[in-house]
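A quick write-up on the structure given underneath.
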Protein chains: 2
Amino acid sequence: MSVAAAGRLRGAGQRLTGNRQALLEILERADRPLTIHDIVQSRPDLAQSSVYRNLVVLEQSGIVRRVMTGGDFARYELDEDLTDHHHHLVCTSCGSVEDLALPKDVEETIGRAARRAASRRGFVEADHRLDVTGLCKNCR
Amino acid sequence: MSVAAAGRLRGAGQRLTGNRQALLEILERADRPLTIHDIVQSRPDLAQSSVYRNLVVLEQSGIVRRVMTGGDFARYELDEDLTDHHHHLVCTSCGSVEDLALPKDVEETIGRAARRAASRRGFVEADHRLDVTGLCKNCR
DNA sequence: ATGAGTGCAAAGGCTTTGCATTAGG
DNA sequence: CCTAATGCAAAGCCTTTGCACTCAT
């Protein structure tokens, strides 16, 4: 698993336990943000409460990001500076989610517009998140 | 309140009750998506359960849209074809949300990229939602 | 050794639902 | 009139928390 993630965890004064390693490995392998259900299903030996607690720790350590894609439960993915900036393709019917990268020039346009709009309203440290929605192959 | 909304409600075979009119008026006045808590607070005579139920009806009638901005509760706003296409400016610290319109050329760039990316993955009826995140005046 | 992490079960908090009553068309 | 809508309270569901036990350092 990622050396960077482990270092960041230590840097936050947190221990690198087996459960946390397992979480990081699962999230690294995924090509989409995972639900708690996904995670526990792929590793039934992990206690659900520990998964919740460790994801909070990983989030606070800047390793993991919690994303709400519109379904009724949270999804988790590695922080963007451990992967790459990307967005999500969300099916409005079944709720499935896939990672999605946009062309660099589009990203620049969005980022520029986001920062400008934010500062105009007195917001600082502006970032953005974009979900592309539609009907997936199975649902269309 | 909006004639279009009332018509759309009727068209969906739903009754235009006092509660539903009240909801539509509140949402029309708002310049941001509202939480259930916001709504019940501004109209304490509305029963919370009826608000939930009516928002489902309004959503299924294509009048209201449920948005998850990352906080722990849902927010509701009028559907875009009753208002205008817009996005949200979300404070990552306090969770406050404001409506945000972007320049038309930026929207076109985003929409084009979104549709292209979606169709490449086999998605149809592609749309998009964008949240600009940052720290608001009070939290910065 | 010793405080953090874990697992189980119980509690929380937003949202949904059952049921008797009220009201829209 | 007759069905849908309402309000209250109870139930659901994802998530968080309490507590005793175990493990990382």
Side-chain angles (χ1 to χ4, degrees), chain A residues 1 5-26 33-61 63-77 95 97, chain B residues 1 3 5-27 33-61 63-77 95 97:
Chain A
M1 54 142 267
R8 207 173 289 187
L9 194 54
R10 287 252 164 58
Q14 297 289 348
R15 295 181 181 174
L16 179 55
T17 67
N19 273 1
R20 291 173 186 174
Q21 287 189 48
L23 280 177
L24 292 172
E25 278 162 18
I26 293 169
L34 301 179
T35 65
I36 301 283
H37 185 250
D38 291 335
I39 293 170
V40 172
Q41 196 156 271
S42 77
R43 282 291 301 269
D45 56 308
L46 299 178
Q48 198 179 48
S49 64
S50 294
V51 173
Y52 274 107
R53 264 192 286 234
N54 281 322
L55 286 171
V56 170
V57 169
L58 293 172
E59 192 183 7
Q60 291 174 342
S61 305
I63 298 168
V64 156
R65 195 158 63 150
R66 182 184 194 183
V67 302
M68 296 296 301
T69 50
D72 290 325
F73 24 76
R75 288 176 178 272
Y76 296 84
E77 65 184 7
V97 180
Chain B
M1 53 142 267
V3 181
R8 207 173 290 186
L9 194 54
R10 286 253 163 59
Q14 297 290 346
R15 295 179 180 175
L16 178 55
T17 67
N19 274 1
R20 291 173 186 175
Q21 287 189 50
L23 280 177
L24 292 173
E25 280 161 17
I26 293 169
L27 292 173
L34 300 178
T35 64
I36 301 283
H37 185 250
D38 290 336
I39 294 170
V40 172
Q41 194 155 274
S42 77
R43 282 291 302 268
D45 55 307
L46 299 178
Q48 198 179 48
S49 64
S50 294
V51 173
Y52 274 106
R53 264 192 287 234
N54 280 324
L55 286 171
V56 170
V57 170
L58 292 172
E59 192 182 8
Q60 291 174 340
S61 305
I63 298 167
V64 155
R65 194 158 61 152
R66 182 185 193 180
V67 303
M68 296 296 300
T69 50
D72 292 324
F73 25 77
R75 289 177 177 272
Y76 296 85
E77 65 184 6
V97 179

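In this text the structure is predicted, and so the values were computed from the model without any measurement. Chain letters run A, B, ... following the sequence lines, proteins first and then strands; every chain starts at 1.
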Atom pairs under 3.5 Å: protein N/O with N/O of nucleotides 12-16 of chain D:
residue: D/dT15; atom: OP1; partner: A/A74; partner atom: N; Å: 2.9
residue: D/dT15; atom: OP2; partner: A/Y52; partner atom: OH; Å: 2.5
residue: D/dT15; atom: O5'; partner: A/Y52; partner atom: OH; Å: 3.1

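- Contact annotation: B/S50 side-chain N/O to D/dG7 OP1/OP2 distance is under 4.0 Å.
- Separation of atoms CE (B/M68) and CG (A/D72) is listed at 7.5 Å; rounding is to 0.5 Å.
- At least one side-chain heavy atom of A/I39 sits under 4.5 Å from a side-chain heavy atom of A/L55.
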side-chain contact (heavy atoms from CB on, under 4.5 Å) assessment of B/L46 paired with B/R43: CA-CA 6 Å; B/L46 299 178; B/R43 282 291 302 268; 3.7 Å; yes
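- By the 4.5 Å heavy-atom criterion applied to side chains, A/L58 and A/L24 are counted as neighbours.
- Contact check for B/T35 versus B/F73: side-chain heavy atoms found under the 4.5 Å cut-off.
- Under 4.0 angstrom from either OP1 or OP2 of D/dA5 there lies no side-chain N or O belonging to B/N19.
- For the pair B/Y76/B/I36, a side-chain contact is recorded, criterion being any heavy-atom separation below 4.5 Å from C-beta on.
- In this structure, A/R66 contributes its side chain and A/A74 its backbone to no donor-acceptor pair below 3.5 Å.
- Of the candidates D/dG18, D/dA5, D/dC8, the closest approach to any side-chain atom of A/R53 belongs to D/dG18.
- The backbone N or O of A/N54 sits nowhere less than 3.5 Å from a side-chain atom of A/R20 that would complete a donor-acceptor pair.
- Taking atom CG on B/L46 and atom P on D/dT6, their separation rounds to 9 Å, with Å as the unit.
- A 4.0 Å heavy-atom criterion places the boundary nucleotides of DNA chain C facing chain B at C/dC14 to C/dG25, written 5' to 3'.
- Between the P atom of D/dC2 and the CZ atom of B/R15 lies a distance of 13 Å, rounded to the nearest Å.
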